[in-house]
4 protein chains.
Amino acid sequence: MAGSVNKVILVGNLGKDPEIRRTQDGRPIANLSIATSETWRDKGTGERKEKTEWHRVVIFSEPLCKIVEQYLKKGAKVYIEGALQTRKWTDQAGVEKYSTEVVLQGFNSTLTMLDGRSGGGGGSFGSDDSGGDFGTERAVSSAPRRAVAAGAGGRSNSDMDDDIPF
Amino acid sequence: MAGSVNKVILVGNLGKDPEIRRTQDGRPIANLSIATSETWRDKGTGERKEKTEWHRVVIFSEPLCKIVEQYLKKGAKVYIEGALQTRKWTDQAGVEKYSTEVVLQGFNSTLTMLDGRSGGGGGSFGSDDSGGDFGTERAVSSAPRRAVAAGAGGRSNSDMDDDIPF
Amino acid sequence: MAGSVNKVILVGNLGKDPEIRRTQDGRPIANLSIATSETWRDKGTGERKEKTEWHRVVIFSEPLCKIVEQYLKKGAKVYIEGALQTRKWTDQAGVEKYSTEVVLQGFNSTLTMLDGRSGGGGGSFGSDDSGGDFGTERAVSSAPRRAVAAGAGGRSNSDMDDDIPF
Amino acid sequence: MAGSVNKVILVGNLGKDPEIRRTQDGRPIANLSIATSETWRDKGTGERKEKTEWHRVVIFSEPLCKIVEQYLKKGAKVYIEGALQTRKWTDQAGVEKYSTEVVLQGFNSTLTMLDGRSGGGGGSFGSDDSGGDFGTERAVSSAPRRAVAAGAGGRSNSDMDDDIPF
DNA sequence: TTTT
DNA sequence: TTTT
């Protein structure tokens with residue numbers, strides 16, 4: 001649609017180490033499980049409450065996947081910017097299910113490390129394929145556009161059949 | 001978790017008229033179905049591609065629900081700011097399912113009308129309960145906090161049993 | 001700095017037609033003046049108040065400048081995503097001044113048209129230089145990175161001496 | 001204007017300890033100086049480049065000011081969400097100047113601590129005045145609305161005359 | 001189910 | 001003036 005925006009911004013911690021898979025033609029796909037939470041005090045009882053939300057984040061970008069592989073592990077705090085995508089899939093029993101994910105892919109996706117626990121220190125990475133004047137640290141070269149477009153426009157069944165949802 | 005952010009920003013159009021239900025104790029809950037889409041031209045074939053994403057938006061705020069009821073209808077373009085929330089529910093067959101929604105509730109939620117087709121013209125609304133110096137147009141009084149907190153921290157089964165997912 | 005984010009999101013209307021200049025080596029730079037405003041009712045007097053904020057937006061991206069030139073004019077409503085940048089300059093009297101602008105340049109910048117008054121209809125554009133599978137409508141090729149980097153890291157005096165601030 | 005959005009999102013570090021002043025009628029105003037930066041490698045020379053941007057952040061909210069006072073100091077990393085505001089002022093020599101600031105005030109403003117160096121640990125705070133079910137940690141009570149509106153709609157000269165710009 |  |  002002309003004139004639409006689909007953006008998710010999360011700051012949270014990885015609940016477990018990243019999982020990196022490869023499509024049949026070798027492109028990497030990283031999956032992160034990110035927790036955000038809010039705390040408040042119940043007015044009636046006075047007890048402290050916390051509600052944690054878990055987000056499934058999927059990264060279709062070769063350079064971002066490398067970053068993820070090298071620097072992120074369980075507990076790392078990250079800032080991510082991506083888009084919402086709901087995907088339909090069929091479980092082993094043949095039941096149709098839906099999974100909503102935060103997808104980082106193409107322009108306007110970002111991943112920034114916010115703590116120093118990773119060896120490489122914090123850093124900010126877009127998923128464009130610039131090359132150009134910007135080196136690996138600022139704007140990491142992304143996967144070939146064909147890969148990105150495939151991810152965006154139609155993740156094929158062959159790639160995703162084995163994709164157990166969040 | 002201390003130090004987390006959970007934010008969704010959408011600009012899109014309502015796919016159908018809003019649905020407004022009421023909880024057993026009378027609080028309104030509005031559901032919007034919002035479309036965003038992106039278009040691109042396939043490099044290989046040259047054909048124009050479009051991918052539409054549908055978002056389920058749930059509004060827990062009495063004043064925002066009033067706005068929705070008065071001004072929004074199928075086709076309206078809106079800017080919304082909310083948070084991701086995944087909810088577990090059980091269908092009629094007893095199968096557990098998950099539904100991810102964009103929730104507008106409490107502070108840091110916003111709904112802004114972006115076209116002139118609604119009688120009331122465009123307008124921007126937060127969901128705080130300020131009252132104060134801000135009149136109905138800028139910062140509409142929200143539902144009692146108890147309602148909001150209930151929505152946030154634990155939507156009760158009795159309210160939600162009949163909640164057919166997206 | 002590792003781990004930082006600098007992001008501005010505006011939805012507003014152009015206060016006047018865009019101004020497009022060219023640097024000495026021919027790269028286009030578009031300037032937009034965008035208004036946002038909030039309205040509220042004064043609690044004491046009951047009168048309706050409105051406060052308009054004007055934003056100077058600068059676009060360093062050849063394809064985005066083309067879009068601006070073709071489609072945007074006074075009154076157009078846009079969604080833009082860019083970064084804050086404060087620039088020092090010296091006026092004719094030799095007084096040092098500062099101007100803060102919203103800069104659209106490189107990855108993670110976006111311009112989306114939100115109304116139909118422009119001939120081309122609404123549309124969303126990033127400023128990456130992908131080429132690739134995405135055609136002109138989704139992700140317009142941007143200026144050479146050298147140009148972008150120059151704009152980002154050090155707008156030269158020769159280009160900018162005549163830059164009358166907002 | 002109906003239908004506008006004015007939002008700034010920053011993740012950065014305080015360049016110095018916060019400054020907290022009070023208006024003549026006793027309301028606190030906190031000023032933060034926040035750095036964001038980007039690094040890249042120059043394609044030609046291969047040298048590492050860095051560009052730091054400094055942001056002046058102004059907080060009009062009693063509870064947020066308390067948080068700032070208690071927990072933030074030089075070097076702290078924060079996530080903030082506010083709005084752009086350009087303010088005109090006159091220096092000692094009678095020259096009119098402009099200062100653009102990121103203002104946190106009213107609903108849809110947020111401050112979240114992102115590191116553990118502050119005694120209180122990380123935490124997220126809105127600036128609504130809810131009270132309600134949310135305790136001090138999640139949604140701190142804000143200053144009286146009259147104060148907020150004054151800050152928003154017209155910071156009076158008497159309060160701000162001594163305001164040396166960024 | 002929207003919109004262009 | 002921060003941070004890496």
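Here is the naming used below: chain letters follow the sequence lines, and residue numbers restart at 1 for every chain.
- Taking OH of Tyr79(D) as the reference point, atom CD1 of Ile9(A) lies at 5.5 Å (rounded to 0.5 Å).
- Summarising the geometry, the separation between CG on Asn13(B) and C1' on dT3(E) is reported as 4 Å, rounded to the nearest angstrom.
- Here the side chain of Lys74(B) is nearest to one of dT1(E), dT2(F), dT3(E), namely dT1(E).
- Nucleotide dT2(E) holds its C1' atom 11 Å from the CG atom of Asp17(B), rounded to whole Å.
- With sequence neighbours excluded, the residues satisfying side-chain hydrogen bond (donor to acceptor under 3.5 Å, both in side chains) with Lys7(C) are Glu81(A), Glu81(C).
- Look at CD on Glu50(B): it is 12 Å from P on dT2(E), rounded to the nearest Å.
- A straight line from CG of Leu114(A) to P of dT2(F) spans 20 Å, rounded to a whole angstrom.
- Closest contact between the side chain of Arg48(B) and the listed nucleotides dT1(F), dT2(F), dT4(E) involves dT4(E).
- What separates CG of Asp115(D) from P of dT3(F) is a distance of 10 Å, to the nearest Å.
- dT4(F) atom P lies 21 Å from atom NZ of Lys51(D), rounded to whole Å.
- In terms of the salt bridge (charged side-chain N to carboxylate O under 4.0 Å, His left out) criterion, residue partners of Asp91(D) (sequence neighbours excluded) are, by chain and number, Lys97(D).
- The minimum heavy-atom distance linking Gly75(A) with Asn13(A) is given by the pair O-OD1, 3.2 Å.
- Not a single donor-acceptor contact under 3.5 angstrom links the side-chain atoms of Thr36(D) to the base of dT3(F).
- No donor-acceptor contact under 3.5 Å links the side chain of Ser4(A) to the base of dT3(E).
- Proximity of Ile59(A) to Val68(A): side-chain heavy atoms (C-beta onward) are separated by under 4.5 Å at one or more points.
- For Thr52(D) against dT1(F), no side-chain N or O and base N or O form a donor-acceptor pair under 3.5 Å.
- Straight-line distance from the CE atom of Met113(C) to the C1' atom of dT3(E): 14 Å, rounded to whole Å.
- Separating the NZ atom of Lys73(B) from the P atom of dT3(E) is a distance of 12 Å, rounded to the nearest angstrom.
- In this pair, Trp54(B) does not lay its aromatic ring on the base of dT2(E); centres under 5.5 Å and planes under 30 degrees do not both hold.
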